[in-house]
Amino acid sequence: MPSEYNFKHIEKKWQKYWYNNNIFECTEDPEMQKFYALIEFPYPSGAGLHLGHIKAFTSMEIIARKKRLEGYNVLFPIGYDAFGLPTENYAMHVKKHPRVVTDENIKQFKEQLQSVGYSFCWNRTVDTTDPHFYKWTQWIFLKLFEKGLAYKSHTNVNFCPSCKVVLANEESQDGICDRCGSEIVQKEKDVWFLKIREYADKLLDGLNDVNFPERIKIEQQNWIGKSTGAEITFKVKCDNESYDIPVYTTRPDTIFGATFLVVSPEHPILEKFADKIINAKEILSYRDIAKNKKEFDRVNVNKDKTGVEVKGLHAINPATGKAIPIFTADYVMLGYGTGAIMAVPAHDQRDWDFAKKYNLPIIEVIKGGDIEKEAYAAKIGGTMVNSGFLDGLTVKQAIEKIIKFLEEKGLGFAKTDFKMKDWAFNRQRYWGEPIPIINCPHCGQVPVPYDQLPLKLPDLKNIAPSKTAESPLSKCKKWLKTKCPICSSDATRETDTMPQWAGSSWYFLRYMSPFDENYAVNPDAYNYWGQVDWYNGGMEHVTRHLIYSRFWNHFLYDIGVVKFREPYLRRSAQGLILGADGEKMSKSRGNTVNTLDVINTYGADVLRTFILFIGDYEKPAPWQADGIKGCVRFLSKVWNLVDILCDDCNTSDLNLDALIKKVDEDYENIKFNTAIAALMSALNTIYARGKISKLEFKTILLLLNPVAPHITSELYLNIFNEYIEKATFPKFDESKLLFNTVEIPVQEAGKLRGRVIVPVDSEESFVLNAISELGLFKDKDILKTVYVKNRIINLITKPKS
RNA sequence: GCCGAAAUGGUGGAAUGGCAGACGCGGCGGACUCAAAAUCCGCAGAAGAUUAUCUUCGUGUGGGUUCAAGUCCCACUUUCGGCACCA
């Protein structure tokens, strides 16, 4: 009689064995096939592990353990993405240094992760705040700078006028300061950008080469937002001066309907002709109002269009040669296209609204709509009218012809544009990687020499954000003041730090050679591990981390650091774990579940099993605490299988090959819930018959091992006298997947009427014979039969005449 | 507004176009127990009938394709996620 399953004792025992003996550490071994399984490394906040981490990590944990049993050399690393706001704010709150807080949090994370029994390669752990790590983050930045992909430019930062502090976007949701609730204003500042737009096409193309879920590809495509159109020059004549306003449009065919221009309130033409514009004062005050509008209002689609005519200036429509008025309006954004549009009110609803409000002409140039009622946004397909030499053409033909026309006149050209903006690569905060640039009064922006990396963060006592919109680093004069590496003049360091997303943009490469002092990633190690085979993470990172890290990898490919353009071969994304009420877990809702409580009450194996069993891995699922009992019962049934183990019993009611196939394929297809269900079913069969063979036991332990490694390791060692990690994941025999007989449902016009049991692969006549023996359809004539071998038979009948 | 995902018993969820509700939870009945917990056995979508059985209905709504539709097509409704005056 075995003892009751004491998970506390057994789980601790195995964790000790795994971690003290480095069971999961791996080294490059050319004899073995590699497999690189990656999870998004956690941000080590003081709150510790939550269920979201567990769900995210457990999937790759299953894959990693399974691949090891299948004989792969598995890299399944862990690290910490530790720079960032929460740590910094918490550190200030408790009056400790962020370094200290980070170290404490990492220690806690490690303990908690190990209490779940994860098979990470612990001795490759990376920490983005470690100078040995961020040395290479800075190195990559300098490479980007060298290639002209990092530049400093004017932009707005979120500034809280009450706290007098620059806020990160996540601290200023909806234009409200997180800390004091005041309205954020935009403050102009020179900050760093990375030219991710230059990689937009490559990032789009690369999606063809990777196995990502379609929803992720589509989201990235939408984020990049490629559009094709034309840039067209509208000449502005004012006295004797001539000035070009380029506009971007996706519909150059509608140019004959362009009855006015609209420029954004920040457009340079307004400054340039300030003295020529009759109502310059009105224009400037409109600009100031627009500038101070909360982003939220400016972006609100439903609000009334406002704008001001720029009096004294006119633009020439290059197709018609006619002068048209110029307006400024805040529905035109400086940051997209050229910051100016040609307004075609007949065929664009926003322009139509604006034209109606300001009583501007609306000229129909594509037939088909009723432009008195609303704009007719004809897709490719209409016929051109009122369009001079374009009349009668299709939209497609018109686009070609007008672009040719404009090119010949030097007034336009075909152009693609992207919604994605360049990556604002800066924060005015302490706890981040210092940007390794020196500002020299003579030489300008000079990179810190490579041999002086890492440029370490100075040890500041006061890390509070500055009230002057400068980084706290600017207060550290000793650090700030330096010599120019080129001309040795007195110079100052760049004081902005890198954003949250810097370290995570390349950490997966560092895992391959975490301690290499000479390379970001050691070439030999890279040649072995190459691409990440499978990367699991959250949907919330699709348009941030996932796109940033693809960008950096593309760049590192272009400069020869890595051999593959795309970093990740396969990506999956877990669905959220929701509270029992079906809402997002949050402290304010009071529907959170403490991970450690679950482990203490039920054990890590139960937690792991339940979080996978709860529903489709990729869909959101509510945590229903009652449901966990099912997994407790399941594992205790596994434990008690020993009681009914028989040496040489012959069992035929459980098809082991089918079970192996089911579980194997379900794991690979991220259908963990049905894999576990299949194992539960197998146990039901076994307990109903009351005995289990050794082969069945062995198979079930191995199949279950990735999900519940503690209990299966213990049982395997006890019964088979061998460590389970030395065993091999079971394989199935394709030829043994079916039993000798099969039950065929008998339908009449699609409705179930009965069942017959026939030998596998029976012919139709045999099945029909079996049906007539049953006595079904005695009083009916069978008009037609549809028979699918081993599956179903459907009969079309009519009453006997 | 645009893009994406989803809607199945009391409940979480299963179902390569082929027996809807696998596997769980909860529920009900029984066994064990002085009793309870735990455990084990059994029942269980809804309605109806001539009730050992059988029939009809049933996967958000309305149509369609098919021998056969939760699954495919068309049109909607609702919920969730993302983007959003993107020219």
Side-chain angles (χ1 to χ4, degrees), chain A residues 4 213-223 225-227 229-230 247-252 254 258 262 264 298-303 305 329-333 335-344 347-351 353-354 417-421 539-540 542-543 575-576 578 580 582-584 609-610 613-616 618-634 636-637 640 671 673-684 687-688 743-755 783-788 790-797:
Chain A
E4 198 174 312
E214 207 52 32
R215 59 181 174 148
I216 290 181
K217 290 189 179 183
I218 289 168
E219 213 173 285
Q220 290 208 342
Q221 281 160 2
N222 290 347
W223 178 260
K226 182 173 182 166
S227 66
V247 305
Y248 176 70
T249 177
T250 56
R251 296 300 301 274
T254 62
V262 188
S264 82
R298 178 139 179 207
V299 162
N300 184 357
V301 187
N302 300 320
K303 80 165 172 31
K305 305 267 176 291
D330 64 3
Y331 79 89
V332 174
M333 304 287 160
Y336 182 75
T338 60
I341 62 163
M342 63 174 209
V344 183
H347 303 289
D348 181 288
Q349 193 59 41
R350 290 157 308 167
D351 298 343
D353 293 343
F354 196 83
D417 207 348
F418 303 95
K419 286 186 198 174
M420 181 171 65
K421 298 189 170 72
M539 283 304 287
E540 70 276 19
V542 168
T543 56
L576 281 181
L578 306 171
E583 302 286 336
K584 254 187 194 164
T609 309
F610 183 54
F613 182 64
I614 210 164
D616 186 328
E618 298 187 277
K619 291 181 191 144
W623 177 272
Q624 292 189 316
D626 279 346
I628 204 166
K629 288 182 195 163
C631 293
V632 174
R633 287 176 190 147
F634 168 58
S636 92
K637 278 184 180 177
N640 292 328
K671 300 290 177 198
N673 54 337
T674 47
I676 293 167
L679 289 166
M680 288 173 167
S681 274
L683 251 62
N684 290 345
Y687 272 101
E743 186 181 77
I744 303 284
V746 182
Q747 291 184 336
E748 182 185 13
K751 282 180 184 160
L752 183 68
R753 289 291 185 255
R755 299 182 175 85
L783 301 178
K784 184 181 171 185
T785 63
V786 180
Y787 174 55
V788 184
N790 300 329
R791 273 220 114 86
I792 202 160
I793 185 161
N794 193 13
L795 309 175
I796 308 304
T797 60

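Naming convention: chains lettered A, B, ... in sequence-line order (proteins, then strands); numbering from 1 in each chain.
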What side-chain donor-acceptor pairs closer than 3.5 Å can you find for residues 673-683 of chain A, not counting sequence neighbours?
{"from": "T674(A)", "atom 1": "OG1", "to": "D666(A)", "atom 2": "OD2", "distance (Å)": "2.9"}
{"from": "T674(A)", "atom 1": "OG1", "to": "K671(A)", "atom 2": "O", "distance (Å)": "3.1"}

Return a table of donor-acceptor pairs under 3.5 angstrom between the side chains of residues 621-630 of chain A and protein atoms on other chains or two or more places apart.
none

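Between K226(A) and C86(B) there is no side-chain N or O to OP1 or OP2 distance below 4.0 Å. For A87(B), the OP1/OP2 oxygens have no side-chain nitrogen or oxygen of Y248(A) closer than 4.0 Å.
Residue D351(A) is classed as having no contact, given no heavy-atom separation below 4.0 Å to the nucleic acid. Within the nucleic acid shown, N794(A) comes within 4.0 Å of at least one base atom, counting heavy atoms only.
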Which atom pairs link the protein and nucleotides 36-42 of chain B when you take only N or O atoms and keep those under 3.5 Å?
{"from": "U39(B)", "atom 1": "OP1", "to": "R633(A)", "atom 2": "NE", "distance (Å)": "3.4"}

Strictly under 3.5 Å: I want the nitrogen or oxygen pairs between protein and nucleotides 45-50 of chain B, one per line.
none

Protein and nucleotides 2-6 of chain B: nitrogen or oxygen contacts under 3.5 angstrom:
{"from": "C3(B)", "atom 1": "O2'", "to": "N222(A)", "atom 2": "ND2", "distance (Å)": "2.8"}

Using a 3.5 Å limit on both pairing distances, list the dot-bracket string of RNA chain B from the 5' end; Watson-Crick and G-U wobble pairs count, crossing pairs take [ ], interstrand pairs take |.
(((((((..(((.....[....))).(((((.......))))).(((((...)))))..(((((..]....))))))))))))....
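Comparing the P positions of A7(B) and C73(B) gives a spacing of 15 Å, expressed to the nearest Å. The same atom, C1', is picked in C19(B) and in A68(B); the two are 12 Å apart, to the nearest Å.
Mapping K584(A) and S227(A) onto RNA chain B by nearest heavy atom places K584(A) at the nucleotide closer to the 5' end.
In this model, a side-chain donor or acceptor of R791(A) finds a partner on the base of U16(B) within 3.5 Å.
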